[in-house]
Protein chains: 2
Amino acid sequence: MDSPADTTPLAALLAKVPQPEPGRRKGALHGSTVAQLRNLIVTGALAPGAKLNERELCLQLGVSRTPVREAIKTLTQDGLLRALPNKSSVVAELDVGEIEALIDVVSTIEGLAGELAAARATDEAVAEIGMLHYRMMLHHTRDELPGYFEANKAFHRRIVELAGNPVLLWIWELLALRVDRARYSSNLWPKRWKMAIQEHEQILAALTAGDAALASQRLREHVRNGLSGLVAALKERGEAAKPGSA
Amino acid sequence: MDSPADTTPLAALLAKVPQPEPGRRKGALHGSTVAQLRNLIVTGALAPGAKLNERELCLQLGVSRTPVREAIKTLTQDGLLRALPNKSSVVAELDVGEIEALIDVVSTIEGLAGELAAARATDEAVAEIGMLHYRMMLHHTRDELPGYFEANKAFHRRIVELAGNPVLLWIWELLALRVDRARYSSNLWPKRWKMAIQEHEQILAALTAGDAALASQRLREHVRNGLSGLVAALKERGEAAKPGSA
DNA sequence: CGAAAAATTCTTGCATACAAGAATTTCGAC
DNA sequence: GTCGAAATTCTTGTATGCAAGAATTTTTCG
């Protein structure tokens, strides 16, 4: 049902008015906004507890409120933000208790990944994971933290992918967000580099041998060691920050 | 529309026009929309593969597109919907492969829950879980599927809560959505009722004894049995549906 | 000067308007 | 009659407007 007089469907005739950046496609704003905001949170650029003002974020990211609000909802579901009714969302605190909770879950999940991956490990797949391991060592020798970081994550991700279980990968990615955030928050990591590399070698060996039980156990312990060290570092820093309490 | 001469910033003066249901608070639409839509999907009222027309959903749920779109995004993240660029989102197919993937992950997660829960089980907590077990038996004897369903889920949830690990609970709830959907889709469940009740008793015994390893193992196997039966039922029905293939 | 209350301002929650891409229909040529 | 192309319609993606609730400031009274 259209209007009575002559409001014809015309807009198509003009159509070429604003030209808002030629390279920008339509469905890309949500994804990129989520990615940007997530990065700000995971890297700590947005500190835990910080309030998110939607209008400010709009200006900062150059988009309207709609994608910003969608991104906030998404990241809230991922556990990186906390939503308060009728108030600004805030960056989730990363308390030590939650990281301790992560230890059990992530180690179990990666343990399962190791078990499944070992059963499916082909020479090619193992070689690829080995390559990631060596890349990580390279970054270690060069003292390149970001590269080390990335290669480490790729090593673990590849194992989870090798497990061939999409649900497992989905869960792992959710957990990885929180783990990454915890890692960024404590850059005392160089201490564990050497140990982590040795453990990776052991894991690789178990995968090469196709020993599911061993791969599972070693991955479990590797994750547990890493996150436990992280908790210790955070606790230490927490104590240092507030020396009065004891 | 009124005359253009007096377009002053007035609207505040009138203000009392629509009166949109007195009991409705402000921040409630998103949550309730998600819940309603999720229910439609999990129960199968919206069949797998069905296209979601936003405008239709608006009319059906009586809200505007904003909360509907937010709900769609939320459920997409939960894996219940699939988003296609510039096209209608569709209800995720529940292929047997995904349910098989769920078996390993859910059994592992609940196994971990059992392990942690057994270590923390107080008499009171065990009694509460036992009550849920008996409620489930009651619904069983009365042949009340929905009540049985609910009590069963409460039984499992309570164990996960008892584990005292918020990350574990979060993951479990995500997985439970998909499991519920799979359960609803195959109502051949009565076959497993008796067996499930026996297994629950065994689990309860292990929790009572505080035997972490045993509780973990029994929960793992219980979940595996349940989901495997479900897969078998779905495969059977799939074969029956397309007898020509194979 | 201090404190409580009122009013302003600011921010979120929801609704709607507009634009871009996809689907469908219509029209024309062969 | 059928196939193909153009145009209309429909649907999603994004931006913006408006109202309710929260925060802040101002004002007034003790």
Side-chain angles (χ1 to χ4, degrees), chain A residues 1-3 6-34 36-37 50-76 81-90, chain B residues 1-2 7-34 36-37 50-76 81-90:
Chain A
M1 50 177 105
D2 46 24
S3 70
D6 73 338
T7 60
T8 51
L10 31 78
L13 301 181
L14 328 169
K16 198 78 74 57
V17 180
Q19 197 175 0
E21 304 260 349
R24 201 147 89 192
R25 298 280 263 286
K26 196 187 171 190
L29 272 191
H30 171 68
S32 75
T33 303
V34 170
Q36 287 184 68
L37 194 50
K51 284 199 286 192
L52 296 185
N53 184 308
E54 294 180 1
R55 197 167 43 80
E56 255 181 59
L57 287 174
C58 291
L59 298 177
Q60 195 165 336
L61 302 179
V63 298
S64 85
R65 278 183 62 210
T66 304
V68 167
R69 284 179 57 76
E70 287 180 353
I72 289 177
K73 280 254 158 51
T74 297
L75 297 173
T76 299
L81 298 175
R82 304 256 174 246
L84 311 173
N86 287 334
K87 284 196 280 188
S88 298
S89 296
V90 298
Chain B
M1 293 195 188
D2 46 26
T7 60
T8 50
L10 31 77
L13 301 181
L14 328 168
K16 197 77 74 59
V17 179
Q19 195 176 1
E21 304 262 348
R24 202 148 88 192
R25 298 279 262 287
K26 195 186 172 192
L29 271 192
H30 171 68
S32 74
T33 304
V34 169
Q36 287 184 68
L37 194 51
K51 283 198 287 191
L52 296 185
N53 184 308
E54 293 180 2
R55 196 167 43 80
E56 257 181 58
L57 287 174
C58 291
L59 298 177
Q60 195 165 337
L61 302 178
V63 297
S64 85
R65 278 184 65 207
T66 304
V68 167
R69 283 179 58 74
E70 287 180 352
I72 289 177
K73 279 256 162 43
T74 297
L75 297 173
T76 299
L81 297 175
R82 304 257 174 246
L84 311 172
N86 288 333
K87 285 195 281 189
S88 297
S89 296
V90 299

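As the structure is a computational prediction, the values presented were derived from the model and not from experiment. Each chain gets a letter, A, B and so on, in the order the sequences are listed, and its residues count up from 1.
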Whole angstrom value for the distance that separates [atom2] of [N] from [atom1] of [X]:
{"X": "B/Leu57", "N": "D/dT12", "atom1": "CG", "atom2": "C1'", "result": "13 Å"}
{"X": "B/Leu84", "N": "D/dT12", "atom1": "CG", "atom2": "P", "result": "11 Å"}
{"X": "B/Ile72", "N": "D/dG13", "atom1": "CD1", "atom2": "P", "result": "9 Å"}
{"X": "B/Lys73", "N": "D/dT12", "atom1": "NZ", "atom2": "P", "result": "11 Å"}
{"X": "B/Leu29", "N": "D/dA19", "atom1": "CG", "atom2": "C1'", "result": "13 Å"}
{"X": "B/Arg69", "N": "C/dT16", "atom1": "CZ", "atom2": "P", "result": "15 Å"}
{"X": "B/Glu70", "N": "C/dG13", "atom1": "CD", "atom2": "P", "result": "8 Å"}

Locate the shortest heavy-atom distance separating [X] from [Y]; write the atom from each residue and the value.
{"X": "B/Cys58", "Y": "B/Val68", "answer": "SG-CG2, 4.0 Å"}
{"X": "B/Ile72", "Y": "B/Thr76", "answer": "O-OG1, 2.7 Å"}
{"X": "B/Ser89", "Y": "B/Ala83", "answer": "OG-CA, 3.9 Å"}
{"X": "A/Leu37", "Y": "A/Ala71", "answer": "CD2-CB, 4.2 Å"}

Looking only at the side chain of B/Ser64 (C-beta and beyond, no hydrogens), which of the listed nucleotides C/dT16, D/dG13, D/dT16 gets closest?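 It is C/dT16.
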Would you please confirm or rule out a distance under 4.0 Å between OP1 or OP2 of D/dA15 and any side-chain N or O of A/Arg65?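 Looking at the OP1 and OP2 atoms of D/dA15, neither is under 4.0 Å from any side-chain N or O of A/Arg65.
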I'd like to check A/Lys51 versus A/Lys87 (side-chain heavy atoms, cut-off strictly below 4.5 Å). Are they in contact?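 Heavy-atom side-chain distance check fails, nothing below 4.5 Å.
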Please figure out whether A/Lys51 or A/Thr66 has its closest DNA chain D nucleotide nearer the 5' end.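 Nearer the 5' end of the strand: A/Thr66.
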Going 5' to 3' along nucleotides 6-11 of chain C, which nucleotides have protein heavy atoms under 4.0 Å from the base (write B), which only from the sugar-phosphate (write S), and which from neither (write -)? -----S
Worked verdict on A/His30 versus A/Thr74 for side-chain contact (heavy atoms from CB on, under 4.5 Å): CA-CA 10 Å; A/His30 171 68; A/Thr74 297; 3.5 Å; yes
